[in-house]
2 protein chains.
Amino acid sequence: MNQPLVSIDVVPFRYNRAADALEVILGRRQFEPSIGSLALPGVLLLAQERLGEAVGRALNTKAGLAPRDIATAGEVGVFDTPGRDPRGPTLSITRFAIIDTDTVGATAEAVPIAEVSGLPFDHDVIIAMAARRVYEKLFTDREVAEALLGPEFDTVHAFTAQQQLAAAAEPVGEPLSLANLARTLTNLGWVEATGELGASRGGRRPKVWRFTPSA
Amino acid sequence: MNQPLVSIDVVPFRYNRAADALEVILGRRQFEPSIGSLALPGVLLLAQERLGEAVGRALNTKAGLAPRDIATAGEVGVFDTPGRDPRGPTLSITRFAIIDTDTVGATAEAVPIAEVSGLPFDHDVIIAMAARRVYEKLFTDREVAEALLGPEFDTVHAFTAQQQLAAAAEPVGEPLSLANLARTLTNLGWVEATGELGASRGGRRPKVWRFTPSA
DNA sequence: TCAAAAGTGTTCGACCTACACCCATGC
DNA sequence: GCATGGGTGTAGGTCGAACACTTTTGA
């Protein structure tokens, strides 16, 4: 049976609290085509492998991440754009992953999502769609929120994560105001204010939030 | 490279106005496994083929439908449940399709969605997820609505379509009241009342709606 | 004391739901 | 007429956006 090659491509997001920046972890390609360029971690799917395993293998071999660094993952879509890979017909099954570690592999790089562009294949499009998926889940899916923001986060962390996802998902994102965010978080039901305050960014210090114990 | 087989499975929906019923078009399997059973139309993907083409081929060879019978289609998901196919590791890329014809192939059957169950592989799960996708789009995506309900439809058509999709998507669907549906349709912005009335179902005749000219 | 930045009070409108009641139809 | 069933009026509640204003912070 003559079938297209099937690859799993992963969009690994990470929130860098020190820089208040949402980052995508890219790997430097070791083979042609586009050798030496940064690209999404991806591997060809093996016959006996589950999709989730392939995600782990892609992140491990292409970005130096361990399985336990993957806080959560989810579906993005399937891409079959013709000519997306000059080697021939390929199908890309795409997932997002949310990464919880500070160290990446030697051949990998964490790039602020605002600066990502010009990647090989159709990876720019894939990242935009992945950002949209995560954006939609950020304040609706506790698992995604907890994975991206960590057990404790302040209002500004949440705001910049939301804003940078929106900007990556749509070239023209709405402004999004921080003013109502504390209220929005309160109404979620699964985060609560700790009473502590986060680092000042030049003015009043933002509230710190934690996830409620009951999962 | 040892890769799993990749199949495209299609969930073809059709709204049967005469019976006020949402139907799924199933094909009778010509090969093992599960030879003779009804199942979703599906084919193994070919290397040089786009996903959309494979959808057309599946519907043509397994359900006797022509490409122009496909009013619209969309993404459902990717399934890799182990053991989903006894022949070995397979990956199922799934789409829904909305069909606009009254005639199906000799080896195919249009089954009311409420009566569908016990299909081979994981097709029951796939249909539930497809129903959820279409349900979400029914009153938000003009293309899906127009494909499913046709150029003109009455309030009861819209209501039963919505209700049967909800029931198929979740074992326990909310009641959903017809009372506000005429209002909801008016507020969509892309349908308008024609002024005509549809067939009576034992009481007052429902309004007939059409899609506004401006696409 | 001032500018910057975060939080709060308040209002507004969109929208969804529910429920009561009215209207049209077939028998 | 009367049961059946769709349509409409109206009220209540939720939700998010907006905007002005207050509070906290660093310089």
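In the text below, chain A, chain B and the rest are named by the order of the sequence lines, each starting its count at 1. No hydrogens, no waters, no symmetry mates; every other heavy atom, side chains included, goes into these values.
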Note to self: Output the rounded distance in Å from CG (Leu185(B)) to P (dC16(C)).
What the structure shows: 12 Å

Check: Will you find, in the side chains of Thr94(B) and Asp9(B), an N or O donor that is under 3.5 Å from an N or O acceptor?
Finding: no

Item checked: Asp141(B), CG atom: more than 12 neighbouring heavy atoms under 6.0 Å -> yes

Next item on the list: Could you please name the option among dG7(D), dA6(C), dT8(C) that lies closest to any side-chain atom of Val156(A)?
Entry: dA6(C)

Notebook entry, point to check: What is the distance from CG of Leu188(B) to C1' of dC15(C), rounded to the nearest Å?
Noted result: 12 Å

Margin query: Applying a 4.0 Å non-hydrogen cut-off, can you work out what Asn180(B) is touching in the nucleic acid: base, sugar-phosphate, or nothing?
Written below: base

Notebook entry, point to check: Nearest-Å distance, CG (Leu178(B)) to P (dT17(C))?
Noted result: 13 Å

Note to self: So for atom CD, which belongs to Glu143(A), do other residues, nucleotides or ligands contribute more than 12 heavy atoms lying within a distance under 6.0 Å?
What the structure shows: no

Next item on the list: Round to a whole Å and report the spacing from CG of Leu181(B) to C1' of dG5(D).
Entry: 14 Å

Checklist line | Short side-chain donor-acceptor distance under 3.5 Å, Asn60(A) and Arg57(A) | finding: no

Notebook entry, point to check: In a check of side chain to side chain donor-acceptor pair (under 3.5 Å) between Trp209(B) and each of Thr155(B), Thr186(B), Asp154(B), Thr194(B), which one passes?
Noted result: Thr155(B)

Check: Any donor-acceptor pair under 3.5 Å joining the side chain of Arg204(A) to the base of dG26(D)?
Finding: no

Item checked: Within residues 193-201 of chain B, residues whose heavy atoms come under 4.0 Å of DNA chain C -> Leu197(B), Ser200(B)

Item checked: From dC19(D), dT10(D), dG7(D), nucleotide with atom closest to Pro206(B) side chain -> dG7(D)

Note to self: Taking CG in Asp102(A) as the centre, count heavy atoms belonging to other residues, nucleotides or ligands within less than 6.0 Å. Is the count above 12?
What the structure shows: no

Next item on the list: Classify the side chain of Arg205(B) versus the base of dT4(D) as yes if they form a donor-acceptor pair under 3.5 Å and no if they do not.
Entry: no

Notebook entry, point to check: Would one find more than 12 heavy atoms of other residues, nucleotides or ligands at under 6.0 Å from atom CG of Asp20(B)?
Noted result: yes

Margin query: So, OP1 or OP2 of dT23(D): does either fall under 4.0 Å of a side-chain N or O from Lys207(A)?
Written below: no

Check: In whole angstroms, how far is the P atom of dA6(C) from the CH2 atom of Trp209(A)?
Finding: 14 Å

Next item on the list: Using a 4.0 Å heavy-atom cut-off across all strands, classify Thr184(A) as base, sugar-phosphate, or nothing.
Entry: nothing

Check: CZ of Phe159(B) versus C1' of dG6(D): gap in Å, rounded?
Finding: 11 Å

Next item on the list: Take Gly202(A) and Arg183(A), find for each the nucleotide of DNA chain D with the closest heavy atom, and name the residue whose nucleotide sits nearer the 5' end.
Entry: Arg183(A)

Check: To the nearest angstrom, how far is His157(A) atom NE2 from dA5(C) atom P?
Finding: 16 Å

Margin query: Rounded to whole Å, how long is the line connecting atom CZ of Phe139(A) with atom P of dG16(D)?
Written below: 12 Å

